[in-house]
Amino acid sequence: MTLETSTLQRAGTVVLAVSTLASLLFLRSPEPRHLGYPLSFWLKQLDEPEAIRHPDTRFAVEALNSAVLSVLSRSLVAREGLIHSAWRTIRQVFPNSSPFPHSVDERRRDAAQAAEHLGNLAAPLANDLVQAFRLASEHDTRIAVARALTRIGAPAIPCLIPLCIDPNAATRARSIELLDILIARHGIVGISAPDFATVLSTQLSVGETNVILAATSVLHLLANDAGVAIPALLTNLEHPVPGVRAASARTLGRTGSHALTCVPALMRRLKDADPEVQAAAASALGSFIHDAAPAVPDLTDATRSAKAPVALAAIQALGKIGPAAEAAVPQLVTILALRDTAPVIRLSTVTALGRIARRPDLAVHPTAGALRDPDEYVRIGASRALAAFGPSAAPAVPALVAALSDQSESIRVSAAEALGSIGPAARSAIPSLQAARNNNQSVMNPPVLAAVARIEGYLPAGPDHGEFSPSRSFPDKSPP
């Protein structure tokens, strides 16, 4: 080949490349514009802090919505080309090398961030975001996609459900964790709860601990609909990982069904080597209420635990079991007499005594003594427990009269209600009740009038006036 021929060929190649590029530029459809700015400008504005973002960005994006969604969709589901794949392989061999400047994951991340800014306008991208969530190889990209899906909310739930059975364990775990967040906020959407529970129950027998924990967490939200998973949850009570055993126990408690099989299995976990599992089992047993009566002796033993969370969970469970836990009253009275216990333990103890409402001959005097407890919540709990005892709490009248002068408004009200529940046996408290009414008219009028009416027999006295209920409860405290 002569020099002239080689030169002509190179010149022809250059001319062909230039003409091809010119043709592509000429034939390419113009970029959509709004208010004089192209689509790329508005997409870039979505990434800017709100303080410096163009004020018309939201309106522009809405006006260009179909074009915006089309561009973002292509970026979210884009696949790696040969160059990207080769560059990723190089990075695996040389981790310190810089990433490819325009990697597919980077495009996905940018698109996900734009979708997050769009909020509910990005709902049509839910399926594409789910695919990006599955395809993403970079942690930051998955986080960006997850945030976009969380912002979209309920429409993303049915799109994520197929990923619960994805062949990749990490993808399954991540998608179930994301569903946990979405379902906690929006409930089940796009699939019936029992069907979803069936899907999740298939993930309880896999080998990956993170998948089991994620699936168990979501089942915990489904409550009674999680009943289909009970056999697998019972099996996982014996799992070698303590966290799985604890999570399974908590979820069984949420279902509140199949007591004949669940209660004995949970009773065995009260003897578990791990305190977290013991506390979870005790809490779960309380959810079965009177059906957990066979567990009362074991729960009573658990109240003696040196681990505060275990003792607290056992005490609260006994209170939920109610009158069927009468055998635990002597131990609860012993705990109440220990002043070095945490306030939350003392509060839970007087609350449990009030809910059991048996053996007042044993419980009235210790409960009345708790009216002098330094913790306000314990004093309130004690007055409500005495109200639950009804006329049997008559020996506590002097302590309740003293409580009418407490600095806490809630305690004064609770003491008046307790005196009313005692009925005619509290007649000696009427002058003190009237004095409390005169000193705090706006607050004490209703409880004092009701209490006097009960004491004088115009209204029925009894424990139902002071009985515990969710509407009368106060926030639980956590153990130190």
Side-chain angles (χ1 to χ4, degrees), residues 266-267 269-272 275-287 289 292-389 392-393 395-396 399-400 403 411 414 418 463 466-468 473-480:
L266 290 167
M267 287 170 59
R269 289 303 99 204
L270 288 174
K271 308 294 185 183
D272 197 279
E276 181 189 3
V277 180
Q278 295 174 26
S283 295
L285 284 165
S287 301
I289 315 175
V296 168
D298 290 333
L299 285 169
T300 304
D301 286 341
T303 64
R304 300 182 176 93
S305 173
K307 302 293 184 182
V310 177
L312 177 62
I315 293 168
Q316 291 173 341
L318 289 166
K320 291 177 182 177
I321 292 171
E326 180 181 359
V329 169
Q331 171 60 14
L332 293 174
V333 169
T334 300
I335 294 171
L336 193 57
L338 301 174
R339 292 301 178 186
D340 59 343
T341 57
V344 70
I345 296 286
R346 302 197 299 275
L347 169 59
S348 297
T349 303
V350 294
T351 301
L353 286 169
R355 285 173 172 162
I356 295 171
R358 297 288 179 92
R359 305 292 298 276
D361 55 315
L362 289 178
V364 168
H365 286 293
T367 306
L371 290 171
R372 299 188 298 273
D373 194 279
D375 187 89
E376 177 183 353
Y377 287 110
V378 177
R379 300 199 299 277
I380 296 173
S383 61
R384 291 183 179 177
L386 290 167
F389 288 139
S392 299
L400 288 167
I411 294 170
S414 296
E467 195 168 289
F468 295 97
S473 63
F474 35 79
D476 289 336
K477 290 185 179 182
S478 300

From [X] [atom1] over to [Y] [atom2], what is the distance, rounded to the nearest 0.5 angstrom?
{"X": "I335", "Y": "I315", "atom1": "CD1", "atom2": "CD1", "answer": "4.0 Å"}
{"X": "L386", "Y": "T367", "atom1": "CG", "atom2": "OG1", "answer": "5.5 Å"}
{"X": "E376", "Y": "D373", "atom1": "CD", "atom2": "CG", "answer": "11.0 Å"}
{"X": "T351", "Y": "R384", "atom1": "OG1", "atom2": "CZ", "answer": "8.5 Å"}

[X] to [Y] - nearest heavy-atom pair and separation:
{"X": "S383", "Y": "S414", "answer": "OG-CB, 2.9 Å"}
{"X": "V364", "Y": "A393", "answer": "CG2-CA, 4.0 Å"}
{"X": "P294", "Y": "P297", "answer": "O-CD, 3.5 Å"}
{"X": "A284", "Y": "L266", "answer": "CB-CD1, 3.8 Å"}
{"X": "A279", "Y": "P309", "answer": "CB-O, 3.8 Å"}
{"X": "V329", "Y": "A363", "answer": "CG1-CB, 4.5 Å"}

List in chain and number order the residues that pass side chain to side chain donor-acceptor pair (under 3.5 Å) with [X], two or more places apart in sequence or in another chain; answer none if no residue qualifies.
{"X": "T303", "result": "Q331"}
{"X": "R269", "result": "E238, D272"}
{"X": "D298", "result": "none"}
{"X": "S348", "result": "Q316"}

For side chain to side chain contact (heavy atoms under 4.5 Å, CB included), just list the numbers for K271 and D301, CA-CA rounded to whole Å, side-chain angles, deciding distance to a tenth of an Å, and then say yes or no. CA-CA 10 Å; K271 308 294 185 183; D301 286 341; 4.3 Å; yes
Okay, side chain of R379, backbone of P374: is any donor-acceptor separation there less than 3.5 Å?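 Yes; judged by distance alone, with no hydrogens or angles, the pair exists.
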Which is it for T349 and T341 under the side chain to side chain contact (heavy atoms under 4.5 Å, CB included) test, yes or no, and what are the steps along the way? CA-CA 11 Å; T349 303; T341 57; over 6 Å; no
Of all residues at least two apart in sequence or in a different chain, which pass the side-chain contact (heavy atoms from CB on, under 4.5 Å) check with A399?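 A399: side-chain contact (heavy atoms from CB on, under 4.5 Å) contacts with A368, L371.
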Tell me every residue that passes side-chain contact (heavy atoms from CB on, under 4.5 Å) with A280, counting only those two or more places apart in sequence or in another chain.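 A280 satisfies side-chain contact (heavy atoms from CB on, under 4.5 Å) with A246, A249, R250 once adjacent residues are dropped.
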Evaluate whether atom CZ of R372 has more than 12 neighbouring non-hydrogen atoms of other residues, nucleotides or ligands under 6.0 angstrom away.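 No - once you tally the heavy atoms of other residues, nucleotides and ligands closer than 6.0 Å, there are 12 at most.
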Pick out which of L285, I356, I289, V296 makes a side-chain contact (heavy atoms from CB on, under 4.5 Å) with I321.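 Only one of L285, I356, I289, V296 forms a side-chain contact (heavy atoms from CB on, under 4.5 Å) with I321, namely V296.
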Checking side-chain contact (heavy atoms from CB on, under 4.5 Å) against P366, which of V350, L336, L353, T334 comes through?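 Of the listed residues V350, L336, L353, T334, the side-chain contact (heavy atoms from CB on, under 4.5 Å) partner of P366 is L336.
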Is R346 salt-bridged to D375, cutoff N-O under 4.0 Å?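 No salt bridge links R346 with D375.
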